[in-house]
> 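My structure is below; once you've seen it, I'll send some questions.
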Amino acid sequence: MHDDRRITEVRLQRFVRERLTPAIYSRTMPLALSSWDAPDEPVPALEAMRQEFQPQEHGAAWGKPWGTKWLHLQGEVPESWGAEPDTTLEVVVDLGFTIEAPGFQCEGIAWRPDGTIIKAISPRNQYIPVKLLGGGMAVDFYVEAAANPDMAQGWTFAATPLGDKSTAGDAPQYRLGTIAIAELNQTVWDLQQDVWTLAGLMEQLPVELPRRHEILRSLERMMDVMDPDDVAGTAAAGREALAEVLSRPAYASAHQLVATGHAHIDSAWLWPVRETIRKCARTFSNVVSLMDENPGFIFSCSSAQQFAWIKEFYPELFSRIREKVRAGQFVPVGGMWVESDTNMPGGEAMARQFVEGKGFFLSEFGVECREAWLPDSFGYSAALPQIVKAAGSRWFLTQKISWNQTNRMPHHTFNWEGIDGTRLFTHFPPVDTYNSDLSARDLAHAERNYRDHGRGSVSLVPFGYGDGGGGPTREMLAAAARAADLEGSPKVRIGSPESFFRQAEEDYRALPVWVGEMYLELHRGTYTSQARTKKGNRRSEHLLREAELWCTTAAVRCGEAYHYPAAELKRLWQLVLLQQFHDILPGSAIAWVHQDAERNYQAIETALEAIIGQAAAALLGPGDRQFLLNAAPHARNGVPALAAGKPGEPAEPASGTASGGGYILDNGIIRAVLDADGLLTSLRDHATGREAIAPGQRGNLLELHRDTPNEWDAWDIDEFYRRNVTPLDRAQAVRLECEGGSAVVVVERLAGTSPLTQRITLAPGSPSLHITTSVDWQEREKLLKLGFPLDVRADRSAAETQFGHVFRPTHTNTSWEAAKFEICAHRWIHVGEPGYGVAVSNASTYGHDVARSIRDSDGGTTTTVRLSLLRAPKFPDPEADRGRHELAVTIRPGADIMDAVQEGYRTNLAPRLVRGGSPVEALFSVSSPAVVVEAVKLAEDGSGDVVVRLYESLGQRSTARVSAHFPVRGVLATDLLERPVEAPGVAATETGAELNLRPFQLVTLRFARG
C-alpha cells in the first residue's frame, strides 16, 4: 500500500479546524451589554451591582492593567432554541482571550443578580450553562472581568513595568470578543472529544504498530461518512465510525494512571495576593459546577490559606465546597497552610505549616490529610520526612524535580530518608507536570517516562490548568472517560491522592531509597533574590519564638493576671506562613507581591514587639532594674536559657590598634588582623592558637559577579557566573573606632556604582568576629558575594536546616555534586577537619557556596566559604533589591558544630534588655546543650497545657533530662498537632522527661499544668 498517512493527517487537522469545531455551536445571538469600571481595587459583587452601568460596545478595548470591569449581560433566549434533545443552551463570553497561557491573562467570574456565584470564565472555559442562571429563557447576570496583564510575555523574561501597579500604566490590555447566547450541539461536541483522544493517541504510537493505522483509517472513515456542509446532521454517523476503535480495551500490562483534578494556584506570583483570592473563587466555582454535572469527578486542593480566603470573602461558595468535601469529591490535600518553600523556612515555621494547615482542615471539614503535597517548590529539605511524619502524615508528592538541569532522579516511587533516618513514601509523577490536560501526549509520556516498570505499575496524574488557576474542564473529564480502558493508552481512572497512595503501597512494596535532600538543580538564585523579604522572614520567625516563649511564661507565672494572646499569635503565624509561599520567600514574584510582603513584615514586627513588651512587663513587674530576656536555648551573659535575669558583669573591652598600615583587634578570645583595605589577613582563637585564614589569602572579600542567567532571572544563578568576577579589594576609606567596649574597623568601598560600608566588630567576650555590610544597592544583573578562604581541609560542609543540619561534599566527583554549586543554609554553615573547624553565621542570608582547592605553596587545602548577599535580576521585578540593605555575618574560628548552633542563635536573637522589678525563672531546663529547645507555647486547644518542642542538634545520639519548673500533673509525647504518640527514646517523669535521642530526632512534649 502507498503511504498516505500524512495526507490523511493533514486532512483531519483541517476538518477539525474548519468544520468540526465551528459546528459545536450551531447558532449564536449577541447579548445586550452595559458596564461599570471599578475605579481602583476590586469591590464586593453586590456593591458593584448597585453602581450606574453604561452601555458597552461589543468588541471594544478594555482593561487597564490590574483593573476590574463589571459587565451586565441581558437578553432573551429565542423560543425555538434548545428544543432538540441533543442541544443545550449556553452563554459564551470571550473577554479577549488568547488560547495560550490560561491563568496568565484576563479572567472573569459570573454572578447572579442576588450576589451568588455561577462559575468562572477563562480562556479555555468560556461557557455558562443557561440553566444555571435561574431565569428561565431570560438571561440576566453579571461578569466581574479582571484585566490581569500578561506578565509571562511568552516567557521571554524581558523586563516589564506591569508588575507594579504604580508603573503599569492605564493602556487597555484586551478587546472584548464574542459575548452571546449559543446553542451547543452535544453530539458534535462528543465527536470532537472522540477525535481529540484518538488523534492524540495515534500521534503517540509507533508507526510500526498496527493500532496506529487502525485509528488513522477509522478517522478517515469518519470524515468520509460526514457531510462537511452538515456536520451537525452527520455527527452521529461520524461517532459510529469511531465506536469500534474507541471500544478496544487496553493491554493487560498497560500502565495505570490515577488522575486527580487539580489547579495549582500560586498564592502570589505574577499577580498579588488580592488577585489570588479571586483566582481561587473562579477556579473553585468552576470545580463545584463540574461536580454537579459529574458525580465521579474528584478534585484535590491544597493550601488551607486558600480555603480560609474563600470562607472569609465568598461564604456561599465555601458552603458549596463543604458539601462537596462531605461527598468525597472536593478533597483537601497536603495539610499545609500554603505550598511553602522548604529550603528557607525555619524548623518551627515548617512545623507550623502543618499545624495550621491540618488544624484548619480538621476543624472545618473533619478531614485529616495524610499526604504532604508540594508539586512546585524549589527543592526539598532533608529534614522534611521527619516533619511530615511528625505531623501525622505518611506520604509525600512532588513534581518539580523533573526540572533538574543536570541529573535525572532514578525513581518515581521510593522511600525518602531524612536526616534523622525517618523514611517517607514518596511519589514523583512521571507525567512531569501538575497541569496535565489528560492529552494522549501527557498520558503516553507518563507511561514511557516511569522509571519503576516491572516493580511498580501505577502513577498519579494531577490534571487541570494551574499556576494561575482555572482547574479541570469538561473536555478533560471527557478525555479521562475515553482513556479509561483504551488500547494503546495507559488505563486512566479518576481518584483521590489517598486512593493512589494506598494502591501504590500495595503495588510496590520493596521500595528503593533516596537519602538526603532532594536538591533542585535549578532556581538556585531563589536563596538570594529579594533580600528584604528574606530578612523579614528571618526576623519574624525569631520574634515569634520570643513572643510565644514570654507569653507562655507569663501565662504560667502570672496566672489569671495575664491573658495569653492565642488568637493574635495564630493570626501572626498564619501571616508569616503565607509569606513563606514558594514564590514569595524565594523572591520570584512581581514587585507588588514583595512590597506587600515588606509591609506585612513591618506590621508583624510592630505587633510582636508590643506582645513581647506586654508579656515582659507582666513577668518582671514594676521596677528600674535591668534584665536580660534570654530567649535563646543556651545561657547568655550569665542568664540561663529561656529565663530573664540580671546580665553578668561585662567582659574586658576589646582592643583595637593600628599596626603596619592595618589593624589588630583582640578581646582575649580571638584575634583578627585586617590590612589597609579592610580585608581579613589573620583570624586566630587563643584557645588553639591556630590560624583560620589560608596562607597568602584574605577573608571578608566582597566579589561582584556578572549575573545573567539563560532564563528565569529571579530564580536562577547559572554556573557560568563564576567566570566573570570583580574582587572589591580596594577600600575608599578605613578607620578604627571604639564603641561600648567593642573594637570596630569601618571600611568604605564601592560595589560597582553602589556605595558600601562595612563595620567589622569584635565585642568584649565574643568568640566571633561580627561583620555588618550596609549598601545602597544600585546594580543590575549583578551578584554580590562575601568570601572567607579558610585553612581547613574539609571534605564536606555542614549547613543548618530545619531541626538539624545537612552535610554536602565540597568536591565535585560526580555530576550530582557539581550541580550543587550554590546551596542553602539557615543561620550557619560549618567547615572543619578532625579537631578544628570554622563557623560562619548570618542574620538573613540563605545562599552560599563552598569550594576547595590545593595550594601549590605548601600542599595544604583551602576551603572557601562564600555567602550570596545580593542579586539584581530584571524579571519579574525589574527593580528587585535596589535600595538600602544591611546584612550581618559572623565568623567564629576554632568552632565545632555545637558552637555553630549557638552562634546561629547569637546572631539572630539580639540581647533583649528590659527594665523591671524581679527576675523570672525559666519554665524548662535541659541538661544537655546538644538538645535544643525550638519552641515553648501554650497548647492549641486552649487547655492551658504547655508545649515544648526540642531536637537533637549535633547529629549524634544524645541523652538529656527535660525538667519543668512549674507544677505539672502529667507529661506526654505528642505529634506536631499535640496529640499523644509513642515517641522512641522519650520517658516521661513526674516533672519532665528523660530523653535518649537518635541524631536530629524531633520531640514534642506536652505538660499538663498542676
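Here the structure is a predicted model, which means the values were calculated and not measured.
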> Return yes if a side-chain donor-acceptor contact under 3.5 Å exists between Tyr380 and Thr398, otherwise no.
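Per modelled atom types, Tyr380 and Thr398 side chains form a pair under 3.5 Å.
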
> Compute whether any side-chain donor of one residue and acceptor of the other, for Ser459 and His412, lie under 3.5 angstrom apart.
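No, because no side-chain N or O of Ser459 sits under 3.5 Å from a partner of the opposite role on His412.
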
> Measure the CZ-OG distance between Arg474 and Ser289 for me, rounded to the nearest 0.5 Å.
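Going from CZ on Arg474 over to OG on Ser289, the span is 9.5 Å.
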
> What's the spacing between Met344 CE and Thr801 OG1 if we round to 0.5 Å?
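Those atoms lie 11.5 Å apart.
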
> For the residue pair Tyr434 and Asp376, confirm or rule out a side-chain donor-acceptor distance under 3.5 Å.
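The criterion, which ignores hydrogens and geometry beyond distance, is satisfied for Asp376 and Tyr434.
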
> Test your reading of the model: is there a side-chain donor-acceptor pair from Asn415 to the backbone of Thr426, 3.5 Å cut-off?
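Looks like no, no N/O pair under 3.5 Å.
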
> To the nearest 0.5 Å, what is the distance between OH on Tyr450 and NE2 on His255?
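Answer for the OH-NE2 pair, Tyr450 versus His255, is 6.0 Å.
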
> Taking the six-membered ring of Phe284, is the NZ or CZ of Lys324 close enough (under 6.0 Å from the centre) and on axis enough (within 45°)?
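Relative to the ring axis of Phe284, which defines the angle, Lys324 lies outside at least one limit.
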
> Is any side-chain heavy atom of Met350 closer than 4.5 Å to one of Met336?
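Of all side-chain heavy-atom pairs linking Met350 with Met336, at least one is under 4.5 Å.
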
> With under 30° as parallel and over 60° as perpendicular, where do the rings of Trp712 and His523 fit, or are they tilted in between?
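Ring orientation of Trp712 relative to His523: perpendicular.
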
> Check whether any side-chain N or O of Glu822 sits under 3.5 Å from a backbone N or O of Ile717 as a donor-acceptor pair, and report yes or no.
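Checked: no pair found.
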
> So Phe360 and Phe307, would you call those rings parallel, tilted or perpendicular, with 30° and 60° as cut-offs?
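Taking Phe307 first and then Phe360, their aromatic rings sit tilted (interplane angle of 30° to 60°).
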
> What about His411 and His427, are their ring centers closer than 6.0 Å?
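Distance test on ring centres: not under 6.0 Å, no.
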
> Taking it one step at a time, do Arg322 and Glu364 satisfy salt bridge (Lys or Arg N to Asp or Glu O under 4.0 Å)?
CA-CA 8 Å; Arg322 184 174 304 204; Glu364 294 294 337; 2.9 Å; yes

> Can you confirm whether or not the ring centre of Phe428 sits under 6.0 Å from the ring centre of Trp514?
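Not under 6.0 Å, so no.
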
> Under the 3.5 angstrom rule, does the side chain of Asp452 hit a backbone N or O of Thr413 as a donor-acceptor pair?
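Yes: the side chain of Asp452 pairs with the backbone of Thr413.
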
> Under 3.5 Å, is there a donor-acceptor pair between the side chain of Ser436 and the main chain of Leu438?
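At least one qualifying donor-acceptor pair exists.
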
> Hey, what's the ring geometry for Phe463 with Phe297, parallel, tilted or perpendicular (30° and 60° as the breaks)?
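Taking Phe297 first and then Phe463, their aromatic rings sit tilted (interplane angle of 30° to 60°).
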
> After noting the C-alpha distance and the side-chain angles of Phe104 and Trp269, does the key distance pass the ring pair (Phe, Tyr, Trp, His ring centres under 6.0 Å) rule?
CA-CA 10 Å; Phe104 294 87; Trp269 180 27; 5.7 Å; yes

> Between Phe97 and Arg124, is there a cation-pi geometry (under 6.0 Å to ring centre, at most 45° from the normal)?
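The answer is no, since Arg124 fails at least one limit relative to Phe97.
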
> Looking at Leu486, is its backbone amide N or carbonyl O close enough to the side chain of Ser489 to form a donor-acceptor pair, meaning the two atoms are under 3.5 Å apart?
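No; zero donor-acceptor contacts below 3.5 Å.
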
> Within the structure provided, determine whether Lys820 and Arg524 are in side-chain contact (heavy-atom separation under 4.5 Å).
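No - every pair of side-chain heavy atoms lies 4.5 Å or more apart.
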
> As a test of understanding, state which of Phe299, Phe330, Trp373 forms a ring pair (Phe, Tyr, Trp, His ring centres under 6.0 Å) with His262.
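In the set Phe299, Phe330, Trp373, the residue that makes a ring pair (Phe, Tyr, Trp, His ring centres under 6.0 Å) with His262 is Trp373.
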
> Let's go through Arg394 and Glu505 carefully: what are the C-alpha distance in whole Å and the side-chain angles of both, what is the deciding distance for salt bridge (Lys or Arg N to Asp or Glu O under 4.0 Å) to 0.1 Å, and is it a yes or a no?
CA-CA 11 Å; Arg394 57 189 287 190; Glu505 282 181 327; 2.9 Å; yes

> Check whether any side-chain heavy atom of Phe354 sits under 4.5 Å from a side-chain heavy atom of Cys369, and report yes or no.
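No; the side chains remain at least 4.5 Å from each other.
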
